[in-house]
Q: 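Can you keep this structure in mind? I'll have questions shortly.
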Amino acid sequence: EQLPPHVMVLFGATGDLAARKLFPGFYHLAAAGRMPSDYRVIGSGRHSPGDDEEFRQQVREGLEDTVDDLDEQVAADLLERISFQTSDSDDGSELADRVREAEEQLGDDVRRLVYLSVPPAAMQDMVAMLGREQLTERARLVLEKPFGLDLESARSLDAALKDVVDEDQVFRIDHFLGKEAVQNILALRFANGLFEPAWDSRSIASVQIDVPEDLGMEGRGSFYESTGCLRDMISTHLCQLLGFVALEDPGSFEEGAVRDAKHAVFEAMRPLDPERVVFGQYDGYRDEDDVDADSEVETFVAIEAFVDNDRWRDVPFYLRTGKRLARSDRVITLRFRGSDCTLFDDEPTRRPPNDLVIELTDDPKVHVELRAKKPGPDMDLVEAVMHLDVGDAAPEATPLEAYERLLLDVMRGDQTLFTRADEVDRLWQVCEPVLQSPPQVQSYAPGSWGPEAALEMPTGGWQLRG
Ligand code: BG6
């Protein structure tokens with residue numbers, strides 16, 4: 001697969017995401033021979049990190065921190081293609097000049113990739129600036145989430161985008177969709193005859209989408225103050241996971257079929273009921289850098305959601321995520337209804353349910369909690385676990401980290417794993433009641449599983465606990 005030459009512009013190039021994910025992503029793609037035939041990366045932002053050499057040094061340090069066994073040659077080749085140009089939403093003229101210079105060096109048929117890793121409040125003005133400077137021509141625009149801060153601002157951002165680009169140029173990135181394990185949900189469901197017939201309300205009692213994090217603010221206090229956990233994680237990552245779990249057979253991977261199927265799920269989602277939402281804030285959050293001493297911003301959210309269609313009617317979806325929790329994990333649990341069969345028990349409801357647990361680790365793992373006969377002379381049961389480790393099935397395969405996969409997809413022009421405007425719009429509609437009347441934020445101890453109220457939700461017990 002030969003990609004055309006690219007000039008990539010990276011807004012937010014001195015930020016945390018660029019250092020932890022984007023530059024390492026370019027490095028790994030380069031090491032795997034997956035970068036375009038020729039390319040330049042122009043970092044940009046309001047504040048200069050110094051001259052090009054100093055910027056390269058900063059990127060290099062980031063690579064050293066994140067890449068094991070850095071290959072000097074690959075790193076040197078990447079670094080030599082990197083430069084920096086300050087810009088802001090008022091003035092991008094020097095940046096536009098730099099882009100054109102770089103394009104001249106690369107010959108004809110050069111593509112532009114413009115990555116906007118900027119806070120939601122700054123996004124719209126940046127988009128307008130790109131339009132004014134004609135940087136949108138031949139460009140694919142990658143936008144970091146959240147896309148707006150509510151329905152109104154998302155619509156206004158969308159209108160600004162439509163003024164300067166077509167939807168097929170817009171790549172709204174939600175990196176959870178780049179995770180191998182998330183795409184594996186489609187394979188599990190649709191490439192096996194085993195699960196799909198049971199993938200509905202007749203067999204499934206509830207679904208949990210659980211992404212606790214032990215990390216705190218990590219220097220992102222001011223981002224969190226303007227965003228909060230609902231927008232940072234729920235309306236984006238966790239709802240997208242819900243879309244993948246709940247969608248109908250998309251029929252193909254062509255022409256937006258997966259996105260159509262996901263959009264249909266969001267259309268059927270019931271707007272959230274603030275009474276079924278728990279907001280939490282960890283003790284000590286208000287002492288974090290750049291956080292207001294009286295902040296009411298939520299660092300934890302648990303919700304009960306419903307998808308009102310034939311497949312999922314009355315099946316609760318419990319979504320939970322938060323900072324400074326007991327541990328970091330990412331797990332989707334499909335909890336199957338107990339069996340009606342009385343062969344082993346007069347009271348079937350006493351038997352624990354079967355859980356199908358999809359672990360969203362880099363190396364996808366799935367397990368099923370079930371019962372088997374306990375070896376021995378009597379017909380007793382034992383609780384057992386059936387494990388699938390996808391890595392063991394394909395030891396020679398080279399998984400891509402989420403951002404690597406998605407950067408590659410942008411360069412290929414494949415939008416399947418990106419979020420479409422209509423999905424974003426609908427998810428803001430779903431979240432709107434909570435944004436309008438947010439529940440009272442409840443405090444929780446760092447290292448716990450969040451506020452008591454979330455543990456008391458009628459989940460039948462969170463799969464992750466203890
Ligand atoms: C980011 C959020 O999008 O995802 C962070 O802004 C969060 O708050 C992160 O920690 C989690 O991603 P991952 O891939 O590290 O689980």
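In each ligand, atom 1 is the first atom listed, and ligand 1 is the first ligand listed.
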Q: Salt bridge check: are Asp249 and Arg189 linked by an N-O gap of less than 4.0 Å?
A: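 Salt bridge: no.
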
Q: Note the single closest protein heavy atom to atom 2 (C) of ligand 1, along with its residue, its atom name and the distance in Å.
A: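 Going by distance alone, atom 2 (C) of ligand 1 is nearest to Asp232 OD1, 3.3 Å.
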
Q: Which heavy atom in Leu95 sits nearest to a heavy atom in Ser87, and how many Å separate them?
A: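 Where Leu95 meets Ser87 most closely, the heavy atoms are CD2-OG, 3.9 Å.
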
Q: May I ask whether His237 has any heavy atom positioned less than 4.0 angstrom from an atom of ligand 1?
A: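 Per 4.0 Å heavy-atom rule, His237 contacts ligand 1.
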
Q: Given side chains that start at C-beta, do those of Asp232 and Lys145 come closer than 4.5 Å, heavy atoms only?
A: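 Yes, at least one pair of side-chain atoms sits under 4.5 Å.
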
Q: Specify the protein heavy atom at minimum distance from atom 13 (P) of ligand 1: its residue, its atom name, and the distance to 0.1 Å.
A: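 In this structure, atom 13 (P) of ligand 1 has His175 NE2, 3.6 Å as its nearest protein heavy atom.
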
Q: What protein heavy atom sits nearest atom 11 (C) of ligand 1, and how far off is it?
A: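 Nearest protein contact, heavy atoms only, for atom 11 (C) of ligand 1 is Glu213 OE2, 3.5 Å.
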
Q: Return the residue, atom name and 0.1 Å-rounded distance of the protein heavy atom closest to atom 15 (O) of ligand 1.
A: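 Scanning the protein heavy atoms, the shortest distance from atom 15 (O) of ligand 1 goes to Arg330 NH2, 4.0 Å.
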
Q: Has Glu64 got more than 12 heavy atoms of other residues, nucleotides or ligands less than 6.0 Å from its CD?
A: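 Yes - once you tally the heavy atoms of other residues, nucleotides and ligands closer than 6.0 Å, there are more than 12.
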
Q: Only heavy atoms count here, so choose which of Lys145, Arg20, Lys179, Lys323 is nearest to atom 14 (O) of ligand 1.
A: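 Looking at heavy atoms only, Lys179 sits closest to atom 14 (O) of ligand 1.
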
Q: Do Arg81 and Tyr39 meet the cation-pi criteria used here (NZ or CZ under 6.0 Å from the six-membered ring centre, within 45° of the axis)?
A: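 Cation-pi check for Arg81 and Tyr39: passes.
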
